[in-house]
Amino acid sequence: MRFLVIGGCGFLGRHIVDELLSRGFPVNVFDIRSTFDDGRVKIFLGDLCKKEDLMPALEGVSAVIHCATPPPLSNNRALFHKVNHDGTLNIIACCKEAGVKRMVLTSSASVVYEGSDIKNGVETMPYASKPMDYYTETKILQEKVVLQANSDDFYTVAVRPHGIFGPRDPHLVPTTVRTAQAGKMKFMIGNGENLVDFTFVRNVVHGHILAAESLGPGSKVNGKAYHITNDEPIYFWTFLSKILVGLKYDAPKRHLPFTFIYFLALILNLFVFLLKPIKDIKPTFTPMTVCLAGTHHYYSSEAAKKDMGYRPIVSLDDGIEETIRSFSHLSKK
Ligand SMILES: NC(=O)c1ccc[n+]([C@@H]2O[C@H](COP(=O)([O-])OP(=O)(O)OC[C@H]3O[C@@H](n4cnc5c(N)ncnc54)[C@H](O)[C@@H]3O)[C@@H](O)[C@H]2O)c1
Ligand SMILES: CC(C)CCC[C@@H](C)[C@H]1CC[C@H]2C3=C(CC[C@]12C)[C@@]1(C)CC[C@H](O)[C@@H](C(=O)O)[C@@H]1CC3
């Protein structure tokens, strides 16, 4: 079975490519940029929104894993809609024309998150009626169109990871370190007792490949969404503190009231919106990131265990240790 990994030059995508190759699968990669060179992989460069770019990459492909997205913290509504919604519709149409049989979408557990506590959330929870940011808004649209495309000759499934971390993560660890270097990591938001899922990247990869292998005629996974987590919810600030201390930065010790910081983030968000025509500011402290830092949000992966035999293959502590080692270049000097 030849795979095409759309977004294969990204953080998750590259790990998926590496694992597929190690399991002996032939792999194509499609991405708008190239970040690596491997003789075993043909990298097709292009825009997933363009049929003429995508079709050559689909030749001889049986299964597509779509894990491309604009950067989740970029806040560019038009780009998110163009890539995550319109682009995904293009991928579906191209897959059907090329005779691809299976599609795995990398969705996100956040498609049901509206800023309030979610404890052991299940996949049957409704989509967020008021998504907290444009990224989440378009991840909902994206998952809907992929699952609606499921049919007797084109099997689709959505994998919903949460808080992916690991080597080459471009979002979580670098942003955390930058925030600490800017002296803005002295306080925890809230009481520090909010449990969340952080998922080591190789567990997410494992879930994707299991999902791809599980698709097929009459399969119970066809047309469904599945949470893939480490199955070890951890206090949000304990996780960040482990990363910070591992990289020789001080862990936050004092607390700021969640409601106060959320109110400040709302005001900052209004200023960002008003200033947008003049200057495109991308604050770290947004209503979404503040809620993620101050509320419970962890999800049940029981459905994935039951329907596709998923189990995390790397423990949280081992994943944190490997991540810290891989980011030693970001250690405090
Ligand atoms: N990082 C997380 O914590 C997390 C959690 C849950 C779900 N996800 C989902 O996982 C997937 C991968 O996320 P990531 O963290 O690896 O992101 P990433 O930014 O590292 O990778 C995304 C890739 O998509 C590519 N891309 C963007 N626009 C494109 C276009 N128009 N045409 C072709 N390629 C394009 C980028 O070049 C990049 O290589 C995304 O779908 C994201 O929504 C991420
Ligand atoms: C300054 C602090 C308040 C926070 C510093 C760390 C944050 C930058 C990360 C902590 C949790 C991360 C996270 C995401 C992005 C980076 C953080 C906010 C996602 C929103 C990325 C996109 C995914 O789809 C979301 C998911 O559902 O997994 C992530 C949720 C966690």
Side-chain angles (χ1 to χ4, degrees), residues 5-17 29-36 43-50 53-54 57 65-74 76 79-80 82-84 86-88 90-91 104-113 118 121 128 132-133 135-136 138-139 142-143 158-166 168-180 182 184-185 187-190 196-201 204-205 208 227-229 236-237 239-240 243-244 252 256 258 261 265 283-286 288-294 297-299:
V5 183
I6 300 174
C9 290
F11 163 46
L12 174 60
R14 175 75 191 281
H15 282 282
I16 290 175
V17 170
V29 166
F30 184 88
D31 206 303
I32 205 163
R33 58 174 183 156
S34 178
T35 57
F36 70 99
I43 297 180
F44 294 80
L45 287 178
D47 184 343
L48 64 84
C49 303
K50 295 178 181 170
D53 288 0
L54 194 53
I65 297 178
H66 172 22
C67 57
T69 181
L73 301 180
S74 60
N76 183 332
L79 184 63
F80 276 132
K82 172 178 174 277
V83 176
N84 287 350
D86 301 349
T88 300
N90 182 51
I91 291 172
V104 179
L105 169 71
T106 313
S107 181
S108 168
S110 289
V111 294
V112 299
Y113 182 69
I118 295 180
M132 295 192 76
D133 58 16
Y135 163 81
T136 308
T138 58
K139 289 301 282 184
Q142 179 184 61
E143 182 179 295
V159 171
R160 292 182 182 177
H162 192 42
I164 311 175
F165 72 98
R168 303 195 296 263
D169 151 38
H171 312 298
L172 199 161
V173 173
T175 307
T176 300
V177 168
R178 268 199 310 275
T179 308
K184 296 175 186 169
M185 203 54 102
F187 300 93
M188 288 180 237
I189 296 169
V196 306
D197 276 323
F198 285 104
T199 313
F200 187 61
V201 63
V204 180
V205 170
H208 276 74
H227 293 137
I228 294 292
T229 75
F236 178 91
W237 290 100
F239 177 85
L240 283 199
I243 297 290
L244 287 167
L256 285 175
F258 168 75
I261 297 296
T284 304
F285 291 89
T286 66
M288 176 70 160
T289 55
V290 168
C291 283
L292 288 166
H297 43 97
Y298 59 96
Y299 301 85

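Atoms within each ligand, like the ligands themselves, are counted from 1 in listed order.
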Identity and separation of the nearest protein heavy atom to atom 41 (O) of ligand 1: Lys139 NZ, 3.0 Å
Residue, atom name and distance, where the atom is the protein heavy atom closest to atom 7 (C) of ligand 1: Ser107 O, 3.1 Å
Stepwise side-chain contact (heavy atoms from CB on, under 4.5 Å) check, Val159 with Ser107: CA-CA 6 Å; Val159 171; Ser107 181; over 6 Å; no
Flag side-chain contact, heavy atom, 4.5 Å: Val205 against Leu12: yes
Those atoms of ligand 1 less than 4.0 Å from some heavy atom in Pro170: 20 (O)
Shortest reach to atom 29 (C) of ligand 1 by a heavy atom, considering only Thr88, Leu45, Leu48, Thr35: Leu48
Interatomic spacing from SG in Cys49 to CG in Asn90 - rounded to 0.5 Å: 7.0 Å
Atom 26 (N) of ligand 1: the protein heavy-atom neighbour that sits closest, reported with distance to 0.1 Å: Ala68 CB, 3.9 Å
Distance from atom 16 (C) of ligand 2 to nearest protein heavy atom, with residue and atom: Leu73 CD1, 4.3 Å
Protein contact to atom 36 (C) of ligand 1 [nearest heavy atom, distance to 0.1 Å]: Asp31 OD1, 3.4 Å
Among Thr69, Ile91, Val83, Ile32, closest by any non-hydrogen atom to atom 27 (C) of ligand 1: Thr69
Close N or O approach (Ser108, ligand 2; < 3.5 Å): yes
Nearest protein heavy atom with distance in Å, relative to atom 38 (C) of ligand 1: Arg33 NH2, 3.4 Å
Shortest protein heavy-atom distance from atom 16 (O) of ligand 1, along with the residue and atom involved: Leu12 N, 2.9 Å
Min heavy-atom dist Tyr135 to ligand 2 below 4.0 Å: yes
Steps toward side-chain contact (heavy atoms from CB on, under 4.5 Å) verdict (Phe11, Ile164): CA-CA 9 Å; Phe11 163 46; Ile164 311 175; 3.6 Å; yes
Lys/Arg cation over aromatic Tyr299: Arg160, 6.0 Å, 45° cone: no
Between CZ on residue Phe239 and CG on residue Leu244, distance to nearest 0.5 Å: 10.0 Å
Atoms of ligand 2, numbered as shown, that sit under 4.0 Å from any heavy atom of Thr175: 8 (C)
Separation between CG of Asp53 and CZ of Phe30, rounded to the nearest 0.5 Å: 5.0 Å
Ile16 side, atom CD1; Cys67 side, atom SG - distance, nearest 0.5 Å: 4.5 Å
Atom indices of ligand 2, in the order listed, that fall short of 4.0 Å to a heavy atom of Phe285: 1 (C), 3 (C)
Which of the ligand 2 atoms, numbered from 1, are nearer than 4.0 Å to a heavy atom of Pro72: 21 (C), 22 (C)
Which of the ligand 1 atoms, numbered from 1, are nearer than 4.0 Å to a heavy atom of Cys9: 39 (O)
For Phe236, atoms of ligand 2 separated by under 4.0 Å from a heavy atom: 10 (C), 11 (C)
Any Phe165 heavy atom less than 4.0 Å to ligand 1: no
Heavy-atom protein neighbour under 4.0 angstrom from atom 19 (C) of ligand 2: no
Salt bridge Asp47-Lys82, side-chain N to carboxylate O under 4.0 Å: yes
Any protein heavy atom < 4.0 Å from atom 14 (C) of ligand 2: no
Interfacing atoms of ligand 1 (cut-off 4.0 Å, heavy-atom, Gly46): 32 (N), 33 (C)
Separation between CG of Asp133 and NZ of Lys139, rounded to the nearest 0.5 Å: 11.5 Å
Interfacing atoms of ligand 2 (cut-off 4.0 Å, heavy-atom, Thr284): 1 (C)
Contact (N/O only, under 3.5 Å) between Ser108 and ligand 1: no
Protein residue, atom and distance nearest to atom 17 (O) of ligand 1, heavy-atom basis: His171 NE2, 3.5 Å
Under 3.5 Å: N/O of Ile164 near N/O of ligand 1: yes
Heavy-atom closest contact (Gln142 atom, Ala68 atom, distance): NE2-O, 4.3 Å
Ring centroid separation His162 to His297 under 6.0 Å: yes
Interfacing atoms of ligand 1 (cut-off 4.0 Å, heavy-atom, Asp47): 30 (C), 31 (N), 32 (N)
Polar contact flag for Phe11 and ligand 1 (N/O pairs, less than 3.5 Å): yes
Full working for side-chain contact (heavy atoms from CB on, under 4.5 Å) between Ile189 and Trp237: CA-CA 8 Å; Ile189 296 169; Trp237 290 100; 3.9 Å; yes
Pair Phe80 and Tyr135, ring centroids less than 6.0 Å apart: yes
For atom 27 (O) of ligand 2, the protein heavy atom that lies nearest, with its residue and separation: Ser110 OG, 2.5 Å
Interfacing atoms of ligand 2 (cut-off 4.0 Å, heavy-atom, Thr289): 18 (C)
Under-4.0 Å protein heavy-atom contact, atom 7 (C) of ligand 2: no
pair Asn84-Pro70: side-chain heavy atoms closer than 4.5 Å: yes
Contacting atoms of ligand 2, where contact means under 4.0 angstrom from a heavy atom of Thr176: 5 (C), 6 (C)
His171, His162, Met185: member with heavy atom nearest to atom 2 (C) of ligand 2: Met185
Under 3.5 Å donor-acceptor, Thr35 side chain and Cys9 backbone: yes
Residues Thr106, His66; criterion side-chain hydrogen bond (donor to acceptor under 3.5 Å, both in side chains); working and verdict: CA-CA 6 Å; Thr106 313; His66 172 22; over 6 Å; no
For atom 10 (O) of ligand 1, closest protein heavy-atom neighbour: Thr106 CG2, 3.2 Å
From Cys67, Gly87, Gly10, Pro161 - option closest to atom 13 (O) of ligand 1 by heavy atom: Cys67
For atom 28 (O) of ligand 2, the option (of Pro170, Gly163, Ser107) bearing the nearest heavy atom: Gly163
Criterion side-chain contact (heavy atoms from CB on, under 4.5 Å) on Val83 and Thr88, from CA distance to verdict: CA-CA 7 Å; Val83 176; Thr88 300; over 6 Å; no
Atom pair CG/CG of Leu48 and Asp31 - distance to nearest 0.5 Å: 8.5 Å
Pair Thr289, Thr286: side-chain N/O donor-acceptor within cut-off below 3.5 Å: yes
Heavy-atom nearest option to atom 12 (C) of ligand 2, drawn from Leu172, Val204, Ile261: Leu172
